[in-house]
Each structure stands twice: as structure tokens, then as C-alpha cells.
Amino acid sequence: MRRRTPPPPSPLPQRHGVDPVRVRLPAAGAWSTVREHLVERLSGAGPGVIDGMFDTGLIVGADGRAVAADAPYVPGMYVWFHRQLPAEVPVPFTLEVVHRDEHIVVADKPHFLATTPRGGHVAETALARLRRELDLPTLTAAHRLDRLTAGLVLFTVRPQERGAYQTLFRDRRVRKEYEAVAPYAPALGLPRTVRSRIVKERGVLTAREVEGEPNAVSDIELIAHRGDGPARYRLVPRTGQTHQLRVHMNALGVPILGDPLYPVVTAPVPAGDFRCPLQLLARALEFTDPVTGREHRFRSGRTLRAWTSYDDWAGAAGPAGRQ
């Protein structure tokens with residue numbers, strides 16, 4: 001089997017903890033110059049943006065030299081450039097490091113902070129913050145946690161070891177435990193294991209359950225409840241479908257407090273509104289280190305506000321957030 005040739009190293013350094021964009025020119029196409037291809041491929045950048053980048057020498061080749069706008073199109077050629085960072089409202093919560101060694105970093109992520117650069121969240125992400133704060137430009141994420149979910153995320157220090165840690169998640173050899181605050185339903189028989197088939201279509205905000213062989217399995221247990229107030233739940237996913245725990249809790253009639261998608265999609269909150277986070281926390285990670293053989297058990301030190309101070313939570317959330 002023919003092995004894929006790895007791309008050359010980036011000639012550009014990171015900026016604000018964010019990698020430069022790398023583009024490989026396709027093997028076939030009707031473009032005569034590099035510019036023609038990039039203008040077509042990156043049409044969403046806006047009129048004149050790509051030409052401006054060529055004019056100022058911001059698009060470079062593997063040797064670090066600026067690529068001319070009229071440079072001939074060469075199939076397989078790589079070019080790099082830094083994207084224009086979006087205006088981001090800083091997430092005003094700390095990102096705690098709970099473990100660090102020469103192989104991994106485990107961080108306790110706050111609500112509202114994306115794990116990795118994506119869409120409008122680039123420099124204000126856990127990965128970019130950690131690269132800057134720990135001075136670890138090679139740091140990468142071994143998995144992702146939803147932006148609205150708080151809790152533990154595993155990062156790898158050495159690029160050559162990233163695959164070994166990602167394989168742990170792919171092969172389900174990481175035990176993940178979550179906590180959630182949701183309505184209390186006395187008639188709901190818990191603990192129980194929920195099995196269903198979940199599909200998530202591209203471009204659709206929500207995932208949904210459909211008929212068919214289950215591909216999503218979650219263990220759900222009641223930890224405690226307070227009179228006619230909310231309840232605290234332990235959630236252990238055995239699989240990793242998109243929004244799995246949120247979908248399963250909603251299907252049981254106890255949607256997680258603060259969920260903007262389930263049971264109904266609510267209007268987006270203004271940028272900078274951090275009052276009512278989704279009450280879901282990645283509480284624990286347990287695994288055998290594939291590089292050192294060490295047994296790791298990590299726990300988040302965060303709390304869920306709707307449990308520790310429900311009246312304050314309900315007042316901030318308003319009727320829609322209380323569900």
C-alpha cells in the first residue's frame with residue numbers, strides 16, 4: 001500500500017496560538033495561476049481579499065517566500081497564510097490545568113470556550129489559550145468538547161504521539177463521566193441504560209433519534225434532587241454520537257437546563273452573554289496512558305450553578321432557560 005507523503009513543515013509561525021492555514025493545490029484543475037485557484041477556493045473571504053494578500057506578500061510557499069499572484073499553478077503545491085482573525089469577545093473564565101507532563105496536558109475547560117479553532121472562535125479557544133499560556137506551540141487536542149459544555153479535555157504535547165491518544169477515544173478505551181442538572185421526574189426509573197439511533201445532518205443544528213439499530217448508548221443515574229427543584233444526574237456515554245447525552249436526556253423528558261437546542265431551538269444570545277451556560281459538565285476522564293502505561297484518573301473541580309444556586313440560575317435564565 002502506497003504511503004501518503006506528509007506535507008512539508010509550515011514556514012510560518014503560529015500567531016496568537018493559532019496555526020497558519022495550509023492549502024494544497026489539487027492534482028487536476030483548469031487554473032493557470034495560484035491566484036486563480038485561491039480566489040475561487042476562498043471566495044467566502046470577500047472581494048479583493050485574496051488579491052490584497054498577494055499584494056502584501058502574505059501568501060507564502062514551502063520556502064517561506066511570498067508567492068506572486070501570477071505564479072503558475074503547480075498541482076500538489078502547498079501554500080500557507082494566516083487567516084484574518086475574527087473579532088472575538090473574550091470568554092471571562094479561567095482555563096485550569098489539572099495535569100501536565102511531557103506527553104499530555106489535561107485542562108478543565110469553562111463553559112462557552114471552544115476546544116479548537118472553528119468558525120468564529122479562533123484565538124478564544126482552549127487550544128490557542130494553552131499554547132500561549134504554556135508556551136507549547138506543538139500542543140494539539142486529542143478530542144473535542146462542545147463549546148457550551150464545561151469540563152475535562154485531553155491535549156497532547158508531541159505531534160508524533162497524538163495518534164496514540166486519539167486511538168483511545170476512537171476505540172472507546174477512555175471512561176468519560178458527565179454531570180448534568182435537569183428537571184426531576186419522580187416516575188422516571190433510574191438508573192437505566194438508554195439505547196437509540198442518533199443522526200446528525202450537516203447544516204442542521206440538532207441531532208435526532210430515528211428507527212434502526214442503536215448507535216448511541218448512555219448510562220443515566222440520579223445522584224440527588226431537592227424537593228420540587230432540579231435534580232443532579234450522572235451520565236456515562238458508552239458511545240460518542242454528536243449531542244448524545246443532550247438528546248437522550250431530552251428523550252427521557254428531562255432536558256438539561258440551559259440547553260439552547262433541546263427540546264426546542266432558541267434564539268442565539270448576544271455575543272458576550274455568559275449568564276446561562278448549559279448545565280453539563282465533563283466530570284471525569286479515566287484511561288491507561290498508551291505511551292507510559294500509567295493509569296490516569298482526572299476529575300473536574302467545577303460546579304454547576306443551577307445545582308449550587310438554583311434561584312440565581314433561574315433568575316438569570318428567565319422562563320426559556322428554566323425549561
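One is the number of the first residue; the rest follow in order along the sequence.
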Return yes when atom [atom1] of [X] has more than 12 non-hydrogen atoms of other residues, nucleotides or ligands closer than 6.0 Å, and no otherwise.
{"X": "Arg118", "atom1": "CZ", "value": "no"}
{"X": "Arg197", "atom1": "CZ", "value": "yes"}
{"X": "Glu133", "atom1": "CD", "value": "yes"}
{"X": "Glu295", "atom1": "CD", "value": "yes"}

Say whether, by atom type as modelled, one donor and one acceptor occur between the side chain of [X] and the main chain of [Y] under 3.5 angstrom.
{"X": "Arg132", "Y": "His16", "answer": "yes"}
{"X": "Arg175", "Y": "Val236", "answer": "no"}
{"X": "Arg131", "Y": "Val18", "answer": "no"}
{"X": "Arg297", "Y": "Glu286", "answer": "no"}
{"X": "His111", "Y": "Leu148", "answer": "yes"}
{"X": "Glu161", "Y": "Thr156", "answer": "no"}
{"X": "Lys109", "Y": "Thr149", "answer": "yes"}
{"X": "Arg35", "Y": "Ala69", "answer": "no"}
{"X": "Thr266", "Y": "Pro260", "answer": "yes"}
{"X": "Gln279", "Y": "Pro277", "answer": "yes"}

Worksheet entry | Pair listing, salt bridge (charged side-chain N to carboxylate O under 4.0 Å, His left out) test, anchored in residues 64-74, at least two apart |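 Sorted result for residues 64-74: empty, none.
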
Worksheet item: Thinking salt bridges, do Glu102 and Arg158 make one under a 4.0 Å N-O criterion?
Response: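 Looking at Arg158 together with Glu102, the answer is no, because their closest N to O distance does not fall below 4.0 Å.
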
Worksheet item: With the threshold set at 4.0 Å, does a side-chain nitrogen-carboxylate oxygen contact exist between Arg305 and Asp312?
Response: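 So Arg305 does not pair with Asp312 through a salt bridge.
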
Practice prompt. Verify side chain to side chain contact (heavy atoms under 4.5 Å, CB included) between His296 and Leu154, making sure each step is shown before the conclusion.
Written response: CA-CA 11 Å; His296 289 301; Leu154 174 66; over 6 Å; no

Do [X] and [Y] come within less than 4.5 Å of each other through their side chains, counting heavy atoms only?
{"X": "Asp63", "Y": "Pro11", "value": "no"}
{"X": "His248", "Y": "Glu209", "value": "yes"}
{"X": "His37", "Y": "Pro26", "value": "yes"}
{"X": "Thr308", "Y": "Trp313", "value": "no"}
{"X": "Asp19", "Y": "Ser10", "value": "no"}
{"X": "Pro20", "Y": "His82", "value": "yes"}
{"X": "Arg173", "Y": "Thr167", "value": "yes"}
{"X": "Asp146", "Y": "Leu278", "value": "no"}

Same cluster or not: [X] versus [Y], using hydrophobic residues (I, L, V, M, F, W, Y) connected whenever any side-chain heavy atoms lie under 4.5 Å apart?
{"X": "Val34", "Y": "Val39", "answer": "yes"}
{"X": "Val269", "Y": "Leu113", "answer": "no"}
{"X": "Leu188", "Y": "Ile223", "answer": "no"}
{"X": "Tyr73", "Y": "Val67", "answer": "yes"}
{"X": "Leu38", "Y": "Trp80", "answer": "no"}

Rounded at 0.5 Å granularity, tell me how far [atom1] in [X] sits from [atom2] in [Y].
{"X": "Ile220", "Y": "Leu235", "atom1": "CD1", "atom2": "CG", "value": "5.5 Å"}
{"X": "Arg195", "Y": "Arg238", "atom1": "CZ", "atom2": "CZ", "value": "5.5 Å"}
{"X": "His121", "Y": "Leu127", "atom1": "NE2", "atom2": "CG", "value": "15.0 Å"}
{"X": "Leu245", "Y": "Ile256", "atom1": "CG", "atom2": "CD1", "value": "6.5 Å"}
{"X": "Glu211", "Y": "Ser196", "atom1": "CD", "atom2": "OG", "value": "10.0 Å"}
{"X": "Phe54", "Y": "Thr56", "atom1": "CZ", "atom2": "OG1", "value": "10.5 Å"}

Fill in: Any residue meeting side chain to side chain contact (heavy atoms under 4.5 Å, CB included) with His225, in chain and number order, not counting sequence neighbours
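Side chain to side chain contact (heavy atoms under 4.5 Å, CB included) check on His225 returns Tyr184, Leu222, Ala231.
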
Of all heavy-atom pairs between [X] and [Y], which one has the smallest distance, and what is that distance?
{"X": "Ala142", "Y": "Tyr165", "result": "CB-CB, 4.2 Å"}
{"X": "Gln244", "Y": "Pro237", "result": "NE2-CB, 3.7 Å"}
{"X": "Val60", "Y": "Leu12", "result": "CG2-CG, 3.8 Å"}
{"X": "Thr115", "Y": "Ala141", "result": "CG2-CB, 4.2 Å"}
{"X": "Ser300", "Y": "Ala282", "result": "CB-O, 3.7 Å"}
{"X": "Pro183", "Y": "Pro255", "result": "CD-O, 3.2 Å"}

Taking atom types as modelled and ignoring hydrogens, do the side chains of [X] and [Y] form a donor-acceptor contact shorter than 3.5 angstrom?
{"X": "Arg283", "Y": "Tyr178", "value": "no"}
{"X": "His243", "Y": "Thr206", "value": "no"}
{"X": "Gln241", "Y": "Thr239", "value": "no"}

Worksheet entry | Member of Arg302, Arg234, Arg232 meeting the salt bridge (charged side-chain N to carboxylate O under 4.0 Å, His left out) criterion with Glu179 |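 It is Arg232, the one option of Arg302, Arg234, Arg232 that forms the salt bridge (charged side-chain N to carboxylate O under 4.0 Å, His left out) with Glu179.
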
Fill in: Aromatic ring pairing Phe169/His143, orientation class (parallel under 30°, perpendicular over 60°, tilted between)
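Because their plane-to-plane angle is under 30°, the rings of Phe169 and His143 count as parallel.
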
Discussion item. Is there a side chain to side chain contact (heavy atoms under 4.5 Å, CB included) between Leu130 and Val97? Walk through the geometry before answering.
Written reply: CA-CA 9 Å; Leu130 290 171; Val97 173; 3.8 Å; yes

Worksheet item: After noting the C-alpha distance and the side-chain angles of Asp108 and Phe298, does the key distance pass the side chain to side chain contact (heavy atoms under 4.5 Å, CB included) rule?
Response: CA-CA 10 Å; Asp108 200 352; Phe298 303 113; over 6 Å; no

Worksheet item: Could you go step by step and tell me if Leu257 and Tyr310 meet the side chain to side chain contact (heavy atoms under 4.5 Å, CB included) rule?
Response: CA-CA 11 Å; Leu257 294 185; Tyr310 180 73; 3.9 Å; yes

